[in-house]
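What's counted below: heavy atoms across the whole structure, side chains too, no hydrogens, waters or symmetry copies.
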Amino acid sequence: MNYRALRMTTCCLASALTLAATPIIAGATPIAGASELTNVNVTSELTSSSPASGISLALSQYLAENIISAKSVAKQTTVTQTVTASETAETEAEVEQEPETKEEKEVMIVAQVDGYVNVRAHAFEDSKILGKLYDDSVGTVIKEVDGWYKIQSGNVRGFVKADYVKVATKKLLSKVGTRIATVDTQTLRVRQKADADAKVIELVPEGEELTVVSEAKADDGWVKVSVEGGEGYVSVDYVTLSTEYTYAESREEEAARLAEEEADRKAAEEAAAAAAAQSEASKSSSSSGSSSSKKSSSSSSSSSGSSSSSNRSYSAPSGSNGQAVANYACQFVGNPYVYGGSSLTNGADCSGFVMAVYAAFGVSLPHSSSAQRSCGYGVSIDDIQPGDIVCYSGHVGIYVGNNTIVHASSPSTGIKYTSPITYRTVLAVRRIF
């Protein structure tokens with residue numbers, strides 16, 4: 001017999017002896033959990049005062065007098081012991097069971113402020129500032145102390161005053177978080193319906209991040225995303241789903257960000273100055289040879305009909321600011337959209353168009369709308385200026401003023417103007433110059 005079985009047997013015997021030593025009233029209901037009423041003292045006293053045969057005789061006589069058999073006592077104690085063991089196992093399983101999601105396990109807070117709230121080293125207002133928790137940023141609660149929450153948010157661990165945050169509900173988290181589908185295949189097809197045979201409304205390259213607008217059909221293997229062609233469905237087999245939140249920024253991270261933005265500004269100014277110098281040199285060179293080419297150009301112009309995108313003339317980049325970028329980009333309106341392309345004349349996709357425009361000013365940008373969302377430095381829509389890159393889910397364009405962007409929109413429309421810029425949800429505005 002193993003130890004557990006031996007222990008249960010001992011408990012049952014002790015329970016039986018305890019019951020035997022207790023007067024039983026006829027018709028009384030047995031006490032629930034009687035097996036737990038083991039009395040070691042009674043057992044030891046019976047054992048020490050009488051030989052084994054004496055105990056057996058006394059117990060038999062007592063049970064007979066109270067019309068209770070040893071068999072019924074054993075049955076009662078065994079059943080009670082079994083129930084107790086089962087309840088214990090269920091309790092242990094309940095304690096050890098992990099929550100279904102991280103959000104259920106952790107209490108989270110969301111900053112609800114104008115601007116930001118300071119994260120401090122201790123739970124009082126004069127304590128050292130460790131970082132900033134911006135509006136709608138989230139943190140995980142470690143503990144609550146006298147109207148303060150100690151939180152972990154990003155790389156910042158410290159205290160925020162409870163007056164400036166709210167305990168997060170699922171609804172609030174869904175409001176401040178953004179569900180993202182990152183493309184894991186070379187070319188992702190976005191379909192009109194949640195069906196593999198449905199019409200393809202857009203192609204998206206690997207690495208792009210698309211905003212998820214609905215997961216109602218996730219159990220069927222599809223999520224609805226936002227793209228330039230509208231809202232469509234993508235198979236979950238070809239994307240990685242995640243939730244993006246904004247977290248606190250430490251003082252060190254803030255300093256590094258500001259230094260990086262300043263470096264980007266200087267680099268942009270230098271690139272713009274170089275582009276302006278190149279433009280002036282180009283103008284000087286072209287003007288010196290313009291007189292000799294006038295006759296030939298005039299004679300050939302009469303034979304040429306309506307110009308196409310391949311033989312249209314374009315002005316070289318002129319200037320060293322965002323307005324110059326916008327002016328240069330606008331002259332390519334009407335040229336074709338080509339998936340994966342980066343030619344301003346023969347065809348480009350959205351990020352290829354932005355990349356090619358800025359390349360003319362000596363600025364190297366990645367050929368990815370998601371990557372361009374991290375280039376330069378961020379500005380608000382209220383502070384937007386011509387030349388800024390306007391970023392959407394899986395799409396980018398260049399702001400040209402008057403609440404309008406120029407962008408390589410789609411194969412059916414090519415490079416065109418669109419206004420207002422909020423025709424879709426704006427994820428970010430990035431300034432290069």
Side-chain angles (χ1 to χ4, degrees), residues 100-103 136 169-246 336-342 347-355 366-374 389-397 405 407-416 418-429:
E100 291 183 1
T101 65
K102 187 176 181 180
E103 283 79 10
D136 285 344
T169 60
K170 287 184 177 181
K171 183 177 180 180
L172 183 56
L173 284 176
S174 66
K175 178 184 174 183
V176 301
T178 303
R179 287 290 279 169
I180 298 295
T182 303
V183 181
D184 290 337
T185 188
Q186 186 173 4
T187 301
L188 178 70
R189 292 171 173 81
V190 184
R191 299 185 181 274
Q192 199 171 56
K193 298 179 181 179
D195 189 314
D197 295 325
K199 179 183 176 181
V200 176
I201 63 172
E202 193 154 330
L203 301 175
V204 181
E206 186 173 11
E208 288 293 337
E209 297 177 351
L210 304 176
T211 301
V212 177
V213 296
S214 174
E215 295 182 66
K217 293 186 179 293
D219 291 341
D220 297 328
W222 299 86
V223 291
K224 183 184 282 189
V225 298
S226 173
V227 291
E228 177 60 16
E231 293 182 353
Y233 291 87
V234 297
S235 170
V236 296
D237 294 336
Y238 303 110
V239 297
T240 298
L241 298 174
S242 60
T243 304
E244 286 187 355
Y245 294 110
T246 303
Y337 175 104
V338 175
Y339 175 74
S342 57
D349 58 17
C350 65
S351 59
F353 172 70
V354 174
M355 179 183 74
H367 194 168
S368 164
S369 62
S370 298
Q372 288 177 4
R373 204 160 73 221
S374 300
I389 301 174
V390 185
C391 306
Y392 307 90
S393 170
H395 193 69
V396 287
I405 61 168
H407 58 140
S409 177
S410 68
S412 60
T413 60
I415 298 173
K416 69 169 193 173
T418 294
S419 62
I421 64 171
T422 54
Y423 76 107
R424 292 176 59 202
T425 301
V426 176
L427 300 182
V429 178

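Formation of a donor-acceptor pair under 3.5 Å by the T169 side chain with backbone atoms of L172 is found in this model. Remark: the backbone N or O of S351 is paired with a side-chain donor or acceptor of Q372 at under 3.5 angstrom. Side chain of D220 to main chain of W222: no donor-acceptor pair is present (N/O by atom type, distance under 3.5 Å, no hydrogens or angles).
Under the 4.5 Å side-chain criterion, counting only non-hydrogen atoms from C-beta, D349 is in contact with H367. For the pair Y245 and L173, the minimum side-chain heavy-atom distance is below 4.5 Å. Two residues are said to be in side-chain contact when any heavy atoms from C-beta on lie closer than 4.5 Å; K199 and R191 fail this criterion. Within the 4.5 Å cutoff, no side-chain heavy atoms of D136 are placed close to those of T246. Side-chain contact between V212 and L241 is present, with at least one heavy-atom pair separated by less than 4.5 Å.
Here the closest heavy-atom approach between residue Y233 and residue K193 is recorded as CD1-C, 3.5 Å. Between C350 and S369, the shortest heavy-atom contact is SG-CB, 4.5 Å. The two residues V239 and V183 make their nearest non-hydrogen contact at CG1-CA, 4.3 Å. Closest non-hydrogen pair, I415 versus F353, comes out as CD1-CD1, 3.7 Å. Residue A348 comes nearest to S342 through the heavy atom pair CB-CA, 3.8 Å, listed as atom of the first residue, atom of the second, then distance. Of all heavy-atom pairs between G394 and L210, the closest is CA-CD2, 3.7 Å.
By the 6.0 Å contact criterion, OH on Y339 is enclosed, its count of non-hydrogen atoms from other residues, nucleotides or ligands being greater than 12. Atom CG of D237 is surrounded by more than 12 heavy atoms from other residues, nucleotides or ligands within 6.0 Å.
Within the model, atoms NE2 of H407 and OG1 of T413 stand 6.5 Å from one another, a figure rounded to the nearest 0.5 Å. The CG atom of L203 sits 6.5 Å away from atom OG1 of T187, with the distance rounded to the nearest 0.5 Å. Distance check, rounded to the nearest 0.5 Å: CD of E206 to OG of S368 gives 10.5 Å. Expressed to the nearest 0.5 Å, how far NZ of K416 lies from CD1 of I405 amounts to 9.0 Å.
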Let me check something: any side-chain donor-acceptor pairs from residues 419-427 under 3.5 Å, sequence neighbours excluded? List them with distances.
| residue | atom | partner | partner atom | Å |
| --- | --- | --- | --- | --- |
| Y423 | OH | E228 | OE1 | 2.6 |
| Y423 | OH | E228 | OE2 | 3.2 |
| R424 | NH1 | E228 | OE1 | 3.1 |
| R424 | NH2 | S226 | OG | 3.1 |
| R424 | NH2 | S393 | O | 2.8 |

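When only modelled atom types and interatomic distance are considered, S410 and S412 share a side-chain donor-acceptor pair under 3.5 Å.
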